[in-house]
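Just so we're on the same page: letters track the sequence lines, and every chain starts at 1. For clarity, every value in this text was computed on a predicted model and none was experimentally measured.
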Amino acid sequence: MDLSLMNKAQREAITTTEGPVLVMAGAGSGKTRVLTHRIAYLLQEKDVPSYNILAITFTNKAAKEMKERVDKLIEEDTSQMWISTFHAMCVRILRRDIDKLGYDRSFSILDTTDQLNVVKDVLKSMNLDQKQYPPRQFLNAISNFKNALITEKEAKENAYDFREKLNADIYSEYQEVLYRNSALDFDDLIMLTIQLFEKESDILNYYQTKFQYIHVDEYQDTNHAQYKLVYMLSQKYENICVVGDSDQSIYKFRGADIMNILNFEEDYDNVKTILLEENYRSHQRILDAANNVIENNMSRVPKNLVTSRGKGEKIISIVSQNEREEGQRIVKQIQKLKNEGYNFSDMAVLYRANSQSRAIEDALVKSSLPYNMVGGMKFYQRKEIKDLMSYMKVVLNVHDDIAMERIINTPKRGIGPKTIDTLRNHARSLDSSIYDAIKDADFIGLSKKNAENLANLLEVLENLKEKSKFMTITDLVDEILHDTGYVDMLIRENTLESNSRIENLEEFKTVTKEFDETHEIGDELLFDFLSDMALVSDQDNVDDLDAVTLMTIHASKGLEFKVIFIVGLEEGLFPSFRSMDTEEELEEERRLMYVAITRAMERLVISRATTRTIFGKTNSAMESQFWSEIPADLIEGEDLISVYNGATKKRKPRAKSQVFTNNSGVSFNIGDKVTHQTFGDGMITAINGSGDSEELDIVFSKAGPKRLLAKFAPIEKKD
DNA sequence: CGTAGCAGGTTTTTT
DNA sequence: ACCTGCTACG
């Protein structure tokens, strides 16, 4: 294998296959290349069977890519190698043996919405007011318990005040509901795998023996449970290689513990530590910006990335008056860079919060530029998709009451809350599920009509369950939509909304078709499909089309683009006002900024607005401290007027508010060029209000954006 | 049981 | 500004 193109540190990381290895890999230092070559090296040079290799990545997409890249490097068989995310790996392990923990092997996986509904139900059953006790907080507490591997019993024992006791009680109730439903949340996947290993030492031993070489990517973002899992698996051979960058740790809110990577050298014996400090991705100016920003973090191991790539262009800065204008000017800049030869797919717009995407999207749509958005209101969270998947979940696991309650009256079958309550109570008395309770519908005091409807539903579901074993997922989807009357319901509604729902269901079938192409019909099919769906990450949906990518900075982790736009660089938005209380949280925000900057290879654009509307209220916004941490000589401001010339020309005047007549009877329009006594030349970009309080927004080429009282503005029209 | 209309909270990030 | 959940009425 040819390692001559690698630097010394990379080569060392690739060839040190025995014993614990810690690779501290700076942004863009080629860590994915190191990991793929290391795996290829094991297979080819060390003759390690692929069966003995495990590699854990952060997203399914990264896993898929890594496997493809290994396959390209060598001829050896890679089919038995496990490259997957923590969660997908645990699903695979639990699928085999979770019955030993009392769960059904056809367990369901809950998404956040389902989890929230369970907490709400628990609160209801405990007679607690949701307003006084926000369900979200309990969900957080539960997640924290699980990430820290604290059982319900331990939580109760260690609860000292009222709130802790309540958290523990709700945790325990919540867990019982999930157990009854054979349902697992994301955190359970990890925690229960560890519990399984602790309970059944022969199962642990099996995997310890199997996984002789273990790799973990993005190790800085592992939580305690994931840390423990890796630790357990690696105890037999201790051939463990973890890769990460403490400066890119951005998932603390989700339980990630930066100490996992910082303590690695203490946790394992004879650790070989390798530093990758040469950056192959970004031009010098971009790297300088990143280094200058991250240096402001006090609690970090100092390091400085160097690049062998050229100096590059200056960073472009854009200051707009509001988020609408920000969107327009980003679009303008995108078009400019497109003309310079960049593809749309070379460019990504990054923001702190999903809510910021709207203004950017609007601007892109208006200019008919292609874009694809990662995350946000996810496709899989739409009602019709969730309904369909709930049907599939019930077909697979009839005891999944969470899914059952979702579909029992969709389409309407006259089964209301009262009936569901009766069924639920009966299910509890049977110590079973609603599905079983429905079988007794005739004897538990329901109306004849109700019992009949329920019997019909049961028959439909039972038929579907039989059929499901002999058909593709796509066919099963068709059967479900038809047999349950779901499509008929939408067709009958015949509204804009219902039609779009039908389209979405059709769209869903492109996903199922893709799945069907790579999977065999059989008993495992539905389970595999549903767990795949539950574990897709946002990044997995990045298309390959020539389109601008829109996403949160979190979602951009591990990716790179020639051109990066970081928008909304305002105090309170980024850094988020929720993270400004403690130095620790602020430093995590700064790492986020560091991640954002280092995604860029060639061009970086930073953008902010001086006012921003949140909850329908417009507030003025100060420049983000991270912006000022970038040395000014690296930045070049966009000439505002030249940007405006193109941007406003196309805009059609809307209504009378667009026109303003001054005291001397001259009327002004948006887009008019004007001369101001003191500010010089500029252009009117907005006219707000009316009468004496009417204000003009004017962007001046020298003085920048200003808001002036229309009545008194000493301006003249220019042509 | 079902729907329409209103009140209140909500935006930080996600496998 | 938007979404969810509650209430009152048909």
Check your understanding: Do F253(A) and Y251(A) have ring centres separated by under 6.0 Å?
Key -> yes
Starting at atom [atom1] of [X], determine the distance to atom [atom2] of [N], rounded to an integer number of angstrom.
X	N	atom1	atom2	value
Y351(A)	dT14(B)	OH	C1'	14 Å
F626(A)	dT12(B)	CZ	P	15 Å
I420(A)	dG2(B)	CD1	P	9 Å
D221(A)	dT14(B)	CG	C1'	11 Å
Q115(A)	dT14(B)	CD	P	15 Å
M489(A)	dG2(B)	CE	P	13 Å
Y133(A)	dG9(B)	OH	P	16 Å
Q226(A)	dT14(B)	CD	C1'	12 Å

Practice item. For dG5(C) and dT12(B), measure between their C1' atoms and round to the nearest Å. Key: 24 Å
**Study point:** P-based separation of dT13(B) from dT4(C) [nearest Å]
**Key:** 15 Å
Practice item. Quick one: label P417(A) by what it contacts on the DNA or RNA (base, sugar-phosphate, nothing), any heavy atom closer than 4.0 Å. Key: sugar-phosphate
Exercise for review: Mind checking T613(A) for me? I need base, sugar-phosphate or nothing, with any heavy atom below 4.0 Å counting as a touch.
Suggested key: nothing
In terms of side-chain heavy atoms of [X], which of [options] is nearest?
X	options	value
T552(A)	dC1(B), dT15(B), dT13(B)	dT13(B)
R358(A)	dT11(B), dT15(B), dC2(C)	dC2(C)
K412(A)	dT3(B), dT15(B), dT13(B)	dT3(B)
S355(A)	dG2(B), dC2(C), dT11(B)	dT11(B)
F615(A)	dT13(B), dG2(B), dT10(B)	dT10(B)

Within the pair [X] and [N], is there a side-chain N or O less than 4.0 Å away from OP1 or OP2?
X	N	answer
N354(A)	dT13(B)	yes
N409(A)	dG2(B)	yes
K557(A)	dT13(B)	no
T112(A)	dT14(B)	no

Check your understanding: Closest nucleotide of DNA chain B for E588(A) versus for N450(A): which of these residues is on the 5' side?
Key -> N450(A)
Check your understanding: Pick the nucleotide of DNA chain B nearest each of F577(A) and K418(A); which residue has the one closer to the 5' end?
Key -> K418(A)
Exercise for review: Please report the C-alpha distance between F107(A) and F527(A) in whole Å, then the side-chain angles of each, then the deciding distance to 0.1 Å, and finally whether the ring pair (Phe, Tyr, Trp, His ring centres under 6.0 Å) criterion is met.
Suggested key: CA-CA 8 Å; F107(A) 58 86; F527(A) 178 86; 5.1 Å; yes
Check your understanding: Just how far is it from atom CE of M489(A) to atom OG1 of T484(A), taken to the nearest 0.5 Å?
Key -> 8.0 Å
Check your understanding: Does a distance-only test, which skips hydrogens and angles, find a donor-acceptor pair under 3.5 Å between the side chain of S576(A) and the base of dT12(B)?
Key -> no
Check your understanding: Does a distance-only test, which skips hydrogens and angles, find a donor-acceptor pair under 3.5 Å between the side chain of R352(A) and the base of dT13(B)?
Key -> yes
Taking the basic N atoms (NZ, or NE/NH1/NH2) and the acidic carboxylate oxygens, is any pair closer than 4.0 Å for [X] and [Y]?
X	Y	value
E589(A)	R578(A)	no
E585(A)	K252(A)	no
R590(A)	D247(A)	no

Just the table, please: protein N/O against nucleotides 5-8 of chain C N/O, every pair under 3.5 Å.
{"unit_1": "dG5(C)", "atom_1": "OP1", "unit_2": "K120(A)", "atom_2": "NZ", "d": "2.8"}

Practice item. Would you indicate whether the side-chain heavy atoms of Y351(A) and L550(A) approach each other to under 4.5 Å? Key: yes
Point to revise | Any D188(A) side-chain heavy atom under 4.5 Å of C90(A) side chain | key: no
Point to revise | Interface with DNA chain B, restricted to residues 241-257 of chain A and to heavy atoms under 4.0 Å | key: Y251(A), F253(A), R254(A)
Check your understanding: Do N397(A) and S108(A) have a side chain donor and acceptor closer than 3.5 Å?
Key -> yes
Point to revise | Among K120(A), R406(A), K393(A), salt bridge (Lys or Arg N to Asp or Glu O under 4.0 Å) partner for D114(A) | key: K393(A)
Practice item. Evaluate the ring planes of Y171(A) and F145(A), with Trp represented by its six-membered ring, and classify them as parallel (under 30°), tilted (30 to 60°) or perpendicular (over 60°). Key: parallel
